[in-house]
Amino acid sequence: MTLLQQDKLAATTHMNAVQLKVGDMKTMSEYYQKALGLEILDESAAGIRLGRGTQELVNLRNAPGLKVPSRNEAGLFHTALLFDTKADLAATVLSAAQFDQTRFVGSSDHLVSEAFYFTDPEGNGIELYWDRPRDTWNWNDGQVAMDTVYLDPNQFLNTHLTEQAIAQQRNAAADVGHVHLQVGNVATARKFYVDTLGFDETTTLGEQALFVSAGGYHHHMAMNVWNSAGAGPRKDTLGLGEVLINVPSEEEVGKLAERLNFAKVGNHHTGAELRFKDPWNNELRVAVGS
């Protein structure tokens, strides 16, 4: 299926804060502050919003009593935090690695980026990464070249960590670069995220994983079946609450609503944002943002 330009998400579309439903607010809040160097932006009975500067990155929502999802259910694979420099990345990798309740999963050179993977105390995946300059990415027929090459974490820290970056860690900028989901089927994910929402497909790993973006980024979202092949709609569990996507104008929100309606995907405009679910009950919000 070939999408017309008006059926695509705007080039300046980007990801924003990810909401997590948490069972132990004290432990999770401490993790995101001490391990990842985030600051509390707002706190209420409903939960805690954390970020860097004024940029919200993670929204922890109180959800006592919910169960931890099994590894093979649909939901969050990881939230990926993007850093401006290798030194900024190294400072947060160091603090995450030193925190008692963290679990280091691995590190990889993906050709377009260098990334480190952790798991928070309730099992939510986290990627910390830095992008190589866009003019160094290799594209072929609309597909960006990505790979998974071993990246030595100790060598990376020895090369790029600085005392200044450690001292200024909490002041260094960070953004939600992409959100990676576990889904039940790649073909269904492509139909929803590419054909209906209007992301561009940037690369694919057969029927194992799909990477999509707007505006020529390597990926704003990804979906894989590595743990979750055949998974059906999610139940209400701990883990992923909501994914927030920012578009540049109300016109873009309206065009997306039209595409969702045409595809018979239920949606609701609250007056501030468009809310809907993907085929696995992952909740998405689309709102105007810079």
Side-chain angles (χ1 to χ4, degrees), residues 1-16 18 74 76-82 108-115 117 127 129-149 151 175-226 228-229 243-249 251-260 262-263 265 274 276 278-280 282 284 286 289:
M1 176 179 180
T2 301
L3 295 180
L4 300 175
Q5 194 61 43
Q6 62 265 31
D7 294 328
K8 293 180 177 290
L9 289 167
T12 53
T13 298
H14 60 92
M15 309 308 293
N16 207 312
V18 171
L76 183 67
F77 190 65
H78 61 238
T79 301
L81 302 184
L82 173 63
S108 298
D109 182 336
H110 293 302
L111 305 184
V112 295
S113 63
E114 293 180 323
Y117 298 92
E127 176 181 341
Y129 77 112
W130 166 84
D131 274 336
R132 286 194 167 89
R134 285 198 182 206
D135 61 8
T136 67
W137 304 351
N138 292 315
W139 293 82
N140 184 27
D141 292 331
Q143 301 275 299
V144 64
M146 292 196 291
D147 202 344
T148 299
V149 180
L151 176 64
D175 291 294
V176 177
H178 63 268
V179 178
H180 196 144
L181 303 176
Q182 295 192 162
V183 300
N185 178 277
V186 166
T188 302
R190 181 180 291 108
K191 182 177 180 181
F192 182 82
Y193 284 97
V194 177
D195 297 347
T196 299
L197 262 60
F199 278 113
D200 293 313
E201 178 178 328
T202 57
T203 197
T204 184
L205 301 176
E207 291 306 309
Q208 295 295 305
L210 170 70
F211 299 81
V212 302
S213 82
Y217 192 52
H218 53 72
H219 67 293
H220 286 114
M221 296 194 74
M223 307 89 205
N224 76 65
V225 298
W226 297 324
S228 55
V243 174
L244 175 57
I245 302 170
N246 280 152
V247 294
S249 68
E251 180 183 5
E252 293 297 328
V253 176
K255 289 194 291 187
L256 175 56
E258 290 178 0
R259 295 198 294 274
L260 292 170
F262 181 79
V265 175
L274 187 66
F276 53 95
D278 78 1
W280 297 275
N282 293 306
L284 295 100
V286 175

ask   = Does some side-chain heavy atom of His218 sit less than 4.5 Å from a side-chain heavy atom of Thr202?
value = no

ask   = What's the spacing between Ser249 OG and Lys255 NZ if we round to 0.5 Å?
value = 7.0 Å

query = What is the distance from atom NE2 of His110 to atom CG of Asp131, rounded to the nearest 0.5 Å?
reply = 11.0 Å

request  = Using ring pair (Phe, Tyr, Trp, His ring centres under 6.0 Å) as the criterion, point out the one residue from Tyr117, Trp226, Phe211 that pairs with Phe77.
outcome  = Trp226

Intermediate values then yes/no, side chain to side chain contact (heavy atoms under 4.5 Å, CB included), Gln143 and Thr204 = CA-CA 8 Å; Gln143 301 275 299; Thr204 184; 4.1 Å; yes

request  = For Asn246 and Gly289, work out which heavy atoms get closest and say how close.
outcome  = CG-CA, 3.8 Å

ask   = What residues, two or more places apart in sequence or in another chain, satisfy side chain to side chain donor-acceptor pair (under 3.5 Å) together with Arg134?
value = none

query = Does some side-chain heavy atom of Thr188 sit less than 4.5 Å from a side-chain heavy atom of Asp278?
reply = no

inquiry  = Looking at every heavy atom in both Leu9 and Arg259, which two are closest together, and how far apart are they?
reply    = CD2-NH2, 3.7 Å

key: Exercise: identify the closest heavy-atom pair between Asn224 and Ala209   = CB-CB, 3.9 Å

task = Looking only at non-hydrogen atoms, find the nearest pair between Ala214 and Ala10 and report the distance.
result = CB-O, 3.4 Å

query = Between NE2 of His78 and CD of Gln182, what distance do you get to the nearest 0.5 Å?
reply = 10.5 Å

key: Side-chain touch Leu260/Leu274, heavy atoms, less than 4.5 angstrom   = yes

request  = Check whether any side-chain heavy atom of Asp109 sits under 4.5 Å from a side-chain heavy atom of Asp147, and report yes or no.
outcome  = no

key: Any side-chain heavy-atom pair of Val212 and His219 under 4.5 Å   = no

request  = Would you indicate whether the side-chain heavy atoms of Leu82 and Val176 approach each other to under 4.5 Å?
outcome  = no

ask   = OG1 of Thr196 to CG of Asp7: how many Å apart, nearest 0.5 Å?
value = 10.0 Å

ask   = In Å, rounded to the nearest 0.5 Å, how long is the span from CD1 of Ile245 to CG of Leu284?
value = 5.0 Å

Residue pairs, two or more places apart or on separate chains, that pass salt bridge (Lys or Arg N to Asp or Glu O under 4.0 Å) and touch residues 178-194 = Arg190-Glu201

query = Say you draw a straight line from OG1 of Thr13 to CG of Leu256; how long is it, rounded to the nearest 0.5 Å?
reply = 9.0 Å

task = Could you tell me whether a side-chain N or O of Ser228 sits under 3.5 Å from a main-chain N or O of Val183, the two making a donor and an acceptor?
result = yes

ask   = Pro248 and Thr12: which non-hydrogen atoms are nearest, and at how many Å?
value = CG-OG1, 3.3 Å

key: salt bridge (Lys or Arg N to Asp or Glu O under 4.0 Å) between Lys8 and Asp200, intermediate numbers included   = CA-CA 7 Å; Lys8 293 180 177 290; Asp200 293 313; 2.5 Å; yes

message = Tell me if the aromatic rings of Tyr129 and His178 count as close, with their centers under 6.0 Å from one another.
response = yes

inquiry  = Do Trp137 and Leu111 make a side-chain contact, defined as non-hydrogen atoms from C-beta onward lying under 4.5 Å apart?
reply    = no

key: Residues Glu127, Thr79; criterion side chain to side chain contact (heavy atoms under 4.5 Å, CB included); working and verdict   = CA-CA 6 Å; Glu127 176 181 341; Thr79 301; over 6 Å; no

ask   = Tell me, do Leu181 and Trp280 make a side-chain contact under 4.5 Å, heavy atoms counted?
value = no

